[in-house]
Amino acid sequence: MANVTFTSPIMKKDLTVYAIAGDTSTLLALAKANKVPVEFECENGECGSCQVQVSVLSGNAPYGVALTQKEKTVLKLAGKITAQQIEDAETKDMPPPWRLACQFIVRNEDIVVSF
């Protein structure tokens, strides 16, 4: 299991929820199931409205998680990630800090999601 803490100025207080290990639903699905007000429109990775900043809480290196092509395009156009961060994600398993909640699959690591 992973603890996922959502934090935002639009929330009265931070909310920590549990993501079940092996579940392949997205971070956005987890947010919606727990009534976390993450913005979204298309839920398909094309509009970029669900941009979130993800930080790993453990002292370990974050799990390498492949960026979808949609994430690469949308986040780069929005100025949230650089070409170097995309290359580092692909070659060094170093995920960038910004992700799309509708594309991000929660792994077995505790994270903070800021939006």
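Given the structure is predicted, the values throughout are model-derived calculations rather than measurements.
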Test side chain to side chain contact (heavy atoms under 4.5 Å, CB included) applied to Tyr18 and Val106, step by step = CA-CA 10 Å; Tyr18 301 103; Val106 179; over 6 Å; no

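In this structure, CD in Glu43 is found 11.0 Å from CD in Gln103, a value given to the nearest 0.5 Å. How far CH2 of Trp98 is from CD of Gln53: 4.5 Å, rounded to the nearest 0.5 Å. Between the NZ atom in Lys35 and the CE atom in Met11 there is a gap of 13.0 Å [rounded to 0.5 Å]. Here the CG-CG distance, from Asp110 to Leu57, works out to 6.0 Å after rounding to the nearest 0.5 Å. The CG atom of Leu30 sits 4.5 Å away from atom CZ of Phe6, with the distance rounded to the nearest 0.5 Å.
Pro9 and Phe115 get closest at one heavy-atom pair: CD-O, 3.6 Å. Of all the heavy atoms in Ala19 and Val4, the pair that sits closest is CB-CG2, 4.2 Å. In terms of heavy-atom proximity, Thr24 sits nearest to Ile105 at O-CD1, 3.2 Å. Across all non-hydrogen atoms, the minimal contact from Pro96 to Ile81 is CB-CG2, 3.6 Å. In terms of heavy-atom proximity, Pro95 sits nearest to Ala89 at CA-CB, 4.5 Å. Between Glu109 and Ala2, the closest heavy-atom pair is O-CB, 3.2 Å.
With Asp23 contributing its side chain and Ser25 its backbone, the two residues share a donor-acceptor pair below 3.5 Å.
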List the atom pairs, donor and acceptor, that lie under 3.5 Å between side-chain atoms in residues 70-78 and the rest of the protein, sequence neighbours left out.
residue	atom	partner	partner atom	Å
Lys70	NZ	Asn44	O	3.0
Lys70	NZ	Asn44	OD1	3.0
Glu71	OE1	Thr68	N	3.3
Glu71	OE1	Arg99	NH2	3.0
Glu71	OE2	Arg99	NE	2.8
Glu71	OE2	Leu100	N	3.0
Lys72	NZ	Glu90	OE2	2.3
Thr73	OG1	Gln69	O	3.1

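The cluster map of Ile, Leu, Val, Met, Phe, Trp and Tyr, joined by side-chain heavy atoms under 4.5 Å apart, puts Phe104 and Val112 in different clusters. At a threshold of 4.5 Å between side-chain heavy atoms, the hydrophobic network of Ile, Leu, Val, Met, Phe, Trp and Tyr places Val54 and Leu67 in two separate groups.
Ser55 places none of its side-chain heavy atoms less than 4.5 Å from the side chain of Ile111. Two residues are said to be in side-chain contact when any heavy atoms from C-beta on lie closer than 4.5 Å; Pro97 and Gln85 meet this criterion.
For Glu39, the CD atom counts as loosely surrounded, since its 6.0 Å shell holds 12 or fewer non-hydrogen atoms of other residues, nucleotides or ligands. Annotation: Ile20, atom CD1; neighbour count of heavy atoms from other residues, nucleotides and ligands within 6.0 Å does not exceed 12.
Remark: the Asp14 side chain and the Thr5 side chain contain no N/O donor-acceptor pair separated by less than 3.5 Å.
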